[in-house]
Amino acid sequence: MEQIESQLIKEHLPNHLAIIMDGNGRWAKSHGYERVFGHKKGTESVIETVENVGKLGIQYLTLYAFSTENWNRPKREIDTLMNLLISSLKKELKTLQKNSIKLIAIGCLEQLPKKALRQLSEVIEQTKQNENLTLALALSYGAREEIVRATKAIALKVKNNIISIEDIDQSTINNHLYTQNLPDVDLLIRTSGELRISNFLLWQSAYAEFYFTDVLWPDFRKEHLVKALLDYQKRERRFGKISEQLI
Ligand code: FPP
């Protein structure tokens with residue numbers, strides 16, 4: 001492990017890492033458990049990964065914890081996920097403080113149960129001065145809904161003569177997204193072998209590198225994170241230019 005970690009180039013880590021944590025249900029099924037137990041195990045991977053990402057010196061980490069589409073799951077599963085969120089926020093506040101991690105949340109947060117929203121707001125408030133890593137939890141998040149919401153907010157400003165149509169550019173859109181305080185995504189990891197983006201950070205991932213692994217989220221350990229980062233470091237990001245222009 002130390003050997004592969006030492007191959008990482010500190011100056012060339014992604015500034016913003018985003019993860020689609022997938023495969024909790026399949027992990028549970030393959031071990032003979034109910035789906036909800038997979039989410040419990042997945043929570044351990046969340047905590048471990050957040051700490052590892054912070055220690056590596058990455059500045060921003062966004063985790064897809066609950067999508068707008070996840071509201072269509074059975075009530076028992078939704079309740080388990082919300083209870084896990086509440087208990088983890090309570091229990092891990094000290095971990096966030098110890099590692100100077102600032103928590104923020106993106107998504108349609110008003111849809112969350114009151115108790116979850118209260119706990120979330122409390123931890124956000126208590127960690128707002130932390131400077132090491134910004135951890136964004138995507139909760140009740142959907143990128144299309146985010147873009148619709150931003151469009152409405154911009155349209156309202158045009159209607160009220162706060163901005164003119166000619167003023168609208170990419171930064172206007174950026175500034176009306178949930179992620180207005182976050183940089184673009186550099187690396188997007190998805191676990192569990194699915195090869196899709198599932199309505200996650202569509203605008204923000206325009207130039208992201210993608211990394212897919214068959215590992216199920218509850219099995220995702222530091223070695224898998226380091227492997228993804230090493231793969232990222234081998235890529236040449238051209239942003240539409242040619243190789244020679246990058247030198
Ligand atoms: C995908 O697995 C995972 C989720 C829908 C939720 C992610 C939640 C956690 C990792 C635990 C709680 C999070 C926090 C922040 C404390 P899936 O159920 O879609 O798996 P499957 O595709 O195998 O069915």
Side-chain angles (χ1 to χ4, degrees), residues 17-50 61-92 103-124 135-150 177-179 185 188-205 208 210-221 224:
L17 168 65
I19 308 182
I20 301 178
M21 311 179 287
D22 197 12
N24 293 350
R26 274 163 286 164
W27 182 93
K29 209 170 161 202
S30 71
H31 288 77
Y33 299 118
E34 279 191 76
R35 289 183 58 79
V36 291
F37 191 68
H39 296 312
K40 231 178 179 167
K41 284 302 280 184
T43 305
E44 292 171 23
S45 301
V46 171
I47 294 154
E48 196 181 308
T49 301
V50 169
L61 171 66
T62 303
L63 298 177
Y64 206 1
F66 196 87
S67 73
T68 43
E69 290 72 27
N70 286 153
W71 291 115
N72 297 320
R73 292 197 174 192
K75 184 176 177 311
R76 192 168 114 75
E77 185 165 338
I78 295 175
D79 289 348
T80 301
L81 282 165
M82 291 302 145
N83 287 335
L84 276 173
L85 174 68
I86 297 168
S87 58
S88 309
L89 286 167
K90 271 190 197 153
K91 195 161 151 252
E92 300 305 329
L103 182 76
I104 62 167
I106 58 170
C108 196
L109 304 180
E110 56 274 21
Q111 285 185 354
L112 295 175
K114 283 208 171 58
K115 207 172 155 197
L117 190 55
R118 218 178 307 124
Q119 192 60 44
L120 187 64
S121 309
E122 198 181 313
V123 177
I124 289 174
L135 167 63
L137 283 186
L139 291 162
S140 193
Y141 175 87
R144 286 185 169 181
E145 184 272 330
E146 177 183 37
I147 293 169
V148 169
R149 199 173 158 276
L177 297 173
Y178 293 125
T179 51
V185 175
L188 177 66
I189 299 176
R190 181 171 189 148
T191 58
S192 92
E194 307 290 358
L195 307 179
R196 52 178 177 264
I197 186 167
S198 299
N199 204 13
F200 188 44
L201 302 175
L202 297 182
W203 172 277
Q204 301 85 340
S205 298
F210 290 80
Y211 181 87
F212 298 101
T213 169
D214 286 340
V215 173
L216 302 174
W217 179 250
D219 288 329
F220 192 83
R221 299 275 79 86
H224 305 114

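As the structure is a prediction and not an experimental result, all values here were calculated from the model. These values consider heavy atoms only, across backbone and side chains, with no hydrogens, waters or symmetry-generated copies.
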Q: Specify the closest pair of heavy atoms between G42 and N24, including all atoms of both residues, with the distance to one decimal.
A: CA-OD1, 4.0 Å
Q: Can you see whether S67 engages N70 through a side-chain donor-acceptor pair at a distance of less than 3.5 angstrom?
A: yes
Q: Report, as yes or no, whether the 6.0 Å neighbourhood of atom CD on E34 holds more than 12 heavy atoms from other residues, nucleotides or ligands.
A: no
Q: State, yes or no, whether a side-chain contact exists between L139 and L120 at a heavy-atom distance under 4.5 Å.
A: yes
Q: Does the side chain of V123 come within less than 4.5 Å of Q119's, by heavy atoms?
A: yes
Q: Under a 3.5 Å distance rule, please check whether R26 uses its side chain to pair with a backbone N or O of S192 as donor and acceptor.
A: yes
Q: Is E44 salt-bridged to K41, going by a charged N under 4.0 Å from an acidic O?
A: yes
Q: Check for a donor-acceptor pair, side chain of H224 on one end and backbone N or O of R221 on the other, with a separation under 3.5 Å.
A: yes
Q: Atom CG in L216, atom CG in D22: separation rounded to 0.5 Å?
A: 8.5 Å
Q: If you look at every heavy atom in T68 and S140, which pair is closest and at what distance?
A: CG2-O, 3.5 Å
Q: Enter the distance from N199:CG to E146:CD here, rounded to the nearest 0.5 Å.
A: 9.0 Å
Q: Once you round to the nearest 0.5 Å, how far does CG of D219 lie from OG of S45?
A: 7.5 Å
Q: How long is the gap from CD1 on I86 to CG on L81, to the nearest 0.5 Å?
A: 11.0 Å
Q: For L137, run the side-chain contact (heavy atoms from CB on, under 4.5 Å) check against L85, V50, T62 and tell me which one passes.
A: L85
Q: Take F66 and M82 through the side-chain contact (heavy atoms from CB on, under 4.5 Å) test and state the conclusion after the steps.
A: CA-CA 9 Å; F66 196 87; M82 291 302 145; 3.9 Å; yes
Q: Could you tell me if the side chain of R190 sits less than 4.5 Å from the side chain of I19, heavy atoms only?
A: no
Q: To check you understand the geometry: which heavy-atom pair defines the closest contact between A143 and L202, and what is its length?
A: CB-CG, 3.5 Å
Q: Can you give me the closest heavy-atom contact between A65 and M21, atom names plus distance?
A: CA-CE, 3.8 Å
Q: Which word best sums up how the rings of F200 and Y64 line up, parallel for under 30°, tilted for 30 to 60°, or perpendicular for over 60°?
A: parallel
Q: Can you name the residues that form a salt bridge (charged side-chain N to carboxylate O under 4.0 Å, His left out) with R196, not counting sequence neighbours?
A: E194
Q: Can you measure from OG1 (T80) to CZ (R35) and round to the nearest 0.5 angstrom?
A: 10.5 Å
Q: Give the minimum heavy-atom separation between G38 and W27, together with the two atoms involved.
A: CA-CE3, 4.1 Å
Q: Would a distance-only check, ignoring hydrogens and angles, find a side-chain to backbone donor-acceptor pair under 3.5 Å from Y178 to A105?
A: no
Q: Run the numbers on I197 and L188 for side-chain contact (heavy atoms from CB on, under 4.5 Å), then give the verdict.
A: CA-CA 9 Å; I197 186 167; L188 177 66; 4.1 Å; yes
Q: At what distance, to the nearest 0.5 angstrom, does OG1 of T191 lie from CD1 of I20?
A: 8.5 Å
Q: Any side-chain heavy-atom pair from I189 and L17 closer than 4.5 angstrom?
A: yes
Q: Tell me whether the rings of F212 and F210 are parallel (<30°), tilted (30 to 60°) or perpendicular (>60°).
A: parallel
Q: Should W203 and L177 count as side-chain neighbours, where that means a heavy-atom distance under 4.5 Å?
A: yes
Q: Check L112 against L117 and note the closest heavy-atom contact, atom names and distance.
A: CD1-CD1, 4.4 Å
